[in-house]
Amino acid sequence: MLAQHEERDSADAATSHAVREWQMHWETDSPAPDGSPPVRTDWFKIADHEPLVSLPEQVSAASLRLQLPELPWEHNTLFIERLYGQNVQIYIGGELLYEAERNHLFDVHQILIPIEPTHAGQELMIRVDTATARIGLDQPVVVGEYGPLLKQYVQQGLFDIVLGAAFVFIALIMLVCSAFLQREQLKRWISLLLIILPTGMLIITYSPYLYTFYPQIGKFAFHLFDLSLLVLLPSLTYFFERMMEGRKLGFVTKFRKFQVGYSLFCLVCSIINILTDYHYYDIYFLITVTALGCIMLVQLSILFICSVYFAFKGNKVALIFSTGFMIFAMLGIIDLMLFYLRAGNYDLILWKWGIVCFVVSLIIILGRRFASDHKQLITYSKELEMFNTRLQRSEKMEIISGLAASVAHEVRNPLQVTRGFLQLLRENSSAKDRHYMALAIDELDRASHIITDFLTFAKPELEEVSILNIALELKHIEGILRPLANLQGGTIVLDIPAQLYIQGNSSKLKQAFINIIKNSIEALNGQGEIRIWAYKEQEDVVVHIKDDGEGMNASELAKLGEPYFSNKTKGTGLGLMVTFRIIEVMQGKLEFRSVKGVGTEAVLRFPSVSAPL
């Protein structure tokens, strides 16, 4: 590996030579405004490891000279990776070989020109004039073989174009997809689009590649860079607001409004600057570079601090945002600090990698938000279906309630009269007739019980409301139903704390519990256990009644409480219907859980009250 590495270094040395030191002097062709003569300075040495020298007052041009080395290559080429200035002329031995003029303020040149072997040892002169704040070279001038230097020349900045174009392409795809989004989703989607699109344009228009190979659009690209930056900054703050909905972000919102106003102000300044042919460039530079850079630092700091704060509060969106933003902000801050520390003689590089990481984090956040919205939509759909079912059931119950009340009142009295006459006839009838009379009376009694259930369902008012101790009520019910459970081969296990209180009617509550527990007993079909336990959960008293009987499937479970639905051969379904109504009147809730062949569990919730004094 070492041999290969040394061989490659030797090959590179054989194809090119870097001139790392040159001479430079300042100049101006016209007198200064105060009448002083044109400036001419002596030549002084500059090396590529030294920072660029700031322009002195009244100076807008400079000349650089160096001595060309031997040119042993077949196709000799001169390559300048980065030359700062607007207008450039290159001379060898007094002969003009290259000239470039720019009518915009992008001041980075990449130059590749062929030279002759006869130019070896001659003086290379580069003259540069500019309206910007920097001028000169900060990289060595390279001479060498045409092929390798051409590859380096073309590839320089090409990655920026590919990366920026990828961002623009993603933004265009997002724009097409936005037609299929809902209004709330569209706001977040467009805010991210207004981050990705300007970011791509910034990367493209900041690359020297565009100005080198397409100089005719240089002026447009330069102003597009400014416009993209003015769109990106408020869009970034707005996206943060949308992702942190529900959080207190009053200061961030005010800052975003200030950014929008400042961006519009900068846009007006840019238009004035263009119309006046850069006559007020110094003021324009102060507003759109120096001041805007400070505002960017403040923005990055605010959003970073807010995202870290919300991340520590457990917000996952803020955690993802702050992670991506931390990378972007740190690299961006380092870039800006180096830019200002070097008086503008620095090409912003790190921010490109930071913005890639940050945009990826924003896409992840938006994806999570859309997934959350979809999950919430499904939840709302299920709740809507449940509410619709309850509404239908409520309407059905209202109809049945009205019918039940009217039928019960009209039918009960005739039944009682008929039962009385049957009892009188039974006393004077034969033994065979008395048997039939007894059956008729039993059926009338059964009909009377059904009517009573109807009346309870139709008007389940609580005549006497008092504070009830759940433990005492259930112990009483256990005493009533234990013989029935034992007869079926089952047992009742009670585990109720002593200090659980609810408000209601004792007899109605017993009726509801007896209906539920009787159903559990009848579901045992032999030996089994019915466990009853209770506890306090926040502001509710929760009672569980669980059996290990035959259980129910999902379709049977969904029909519980509907009139005339029952798993028993002689059941009417009115018992559970009445139970639901009683618990509803007592402001409670009843829920059943069941698995076929495993058992059924009833969960009752009642508002808890304090113990009576």
Side-chain angles (χ1 to χ4, degrees), residues 86 102-108 130-134 164 167-168 171 190-207 210-211 217-241 251-304 325 328-329 332-333 335-340 342-348 351-352 354-355 358-359:
Q86 280 182 280
R102 289 182 176 175
N103 58 355
H104 54 83
L105 297 176
F106 188 84
D107 59 354
V108 181
T130 186
T132 64
R134 58 185 182 178
F167 275 92
V168 173
I190 294 298
S191 64
L192 180 58
L193 186 153
L194 289 178
I195 292 174
I196 294 177
L197 180 60
T199 298
M201 298 310 302
L202 283 174
I203 295 173
I204 292 173
T205 54
Y206 190 74
S207 173
L210 192 67
Y211 302 90
I217 62 169
K219 189 172 185 179
F220 171 76
F222 178 78
H223 293 295
L224 184 58
F225 178 89
D226 287 352
L227 179 62
S228 299
L229 186 62
L230 296 177
V231 172
L232 173 64
L233 297 180
S235 298
L236 180 60
T237 309
Y238 180 71
F239 181 84
F240 183 82
E241 289 180 83
F251 177 74
V252 177
T253 302
K254 290 178 181 178
F255 185 78
R256 189 249 304 163
K257 292 178 179 178
F258 163 75
Q259 282 184 298
V260 172
Y262 194 82
S263 292
L264 293 174
F265 173 66
C266 289
L267 184 61
V268 172
C269 292
S270 179
I271 295 171
I272 294 173
N273 190 45
I274 295 169
L275 295 176
T276 58
D277 198 23
Y278 304 102
H279 186 72
Y280 301 102
Y281 175 75
D282 291 340
I283 299 175
Y284 176 74
F285 186 87
L286 176 67
I287 294 172
T288 61
V289 178
T290 306
L292 187 62
C294 295
I295 292 171
M296 285 175 62
L297 288 173
V298 173
Q299 177 188 17
L300 296 178
S301 301
I302 290 173
L303 297 186
F304 179 67
F325 191 74
F328 168 62
I333 289 171
D335 255 353
L336 288 172
M337 289 176 65
L338 290 173
F339 180 83
Y340 289 116
R342 297 185 182 182
N345 299 324
Y346 173 75
D347 283 328
L348 305 176
W351 70 276
K352 300 172 189 175
I355 200 71
F358 183 51
V359 168

Requested in this report: Say whether, by atom type as modelled, one donor and one acceptor occur between the side chain of Gln299 and the main chain of Leu233 under 3.5 angstrom.
Outcome: yes

Query raised in the report: Within the side chain of Tyr211, is there an N or O that forms a donor-acceptor pair under 3.5 Å with the backbone of Thr205?
Result: yes

Looking only at non-hydrogen atoms, find the nearest pair between [X] and [Y] and report the distance.
X	Y	value
Gln259	Pro234	OE1-CA, 3.9 Å
Arg102	Val108	NH1-O, 2.9 Å
Gln86	Thr130	OE1-C, 3.5 Å
Gly200	Phe167	CA-CB, 3.5 Å
Val252	Ile302	CG2-CG2, 4.2 Å

**Report entry** side-chain contact (heavy atoms from CB on, under 4.5 Å) evaluation trace for Ile295 with Phe258
**Finding:** CA-CA 10 Å; Ile295 292 171; Phe258 163 75; 4.0 Å; yes

Within this structure, what is the [atom1]-[atom2] distance for the pair [X] and [Y], rounded to the nearest 0.5 Å?
X	Y	atom1	atom2	answer
Tyr238	Ile190	OH	CD1	10.0 Å
Phe106	Ser207	CZ	OG	7.0 Å
Leu202	Asp226	CG	CG	9.0 Å
Leu224	Ile204	CG	CD1	8.5 Å
Leu194	Leu232	CG	CG	9.5 Å
His223	Ile271	NE2	CD1	10.5 Å

Requested in this report: Would you mind telling me which of Ile287, Thr288, Leu230 makes a side-chain contact (heavy atoms from CB on, under 4.5 Å) with Phe265?
Outcome: Ile287

Query raised in the report: Taking it one step at a time, do Leu210 and Phe225 satisfy side-chain contact (heavy atoms from CB on, under 4.5 Å)?
Result: CA-CA 12 Å; Leu210 192 67; Phe225 178 89; over 6 Å; no

Query raised in the report: How far apart are the C-alpha atoms of Met201 and Val231, what are their side-chain angles, what is the distance that settles it, and do they pass the side-chain contact (heavy atoms from CB on, under 4.5 Å) test?
Result: CA-CA 11 Å; Met201 298 310 302; Val231 172; over 6 Å; no

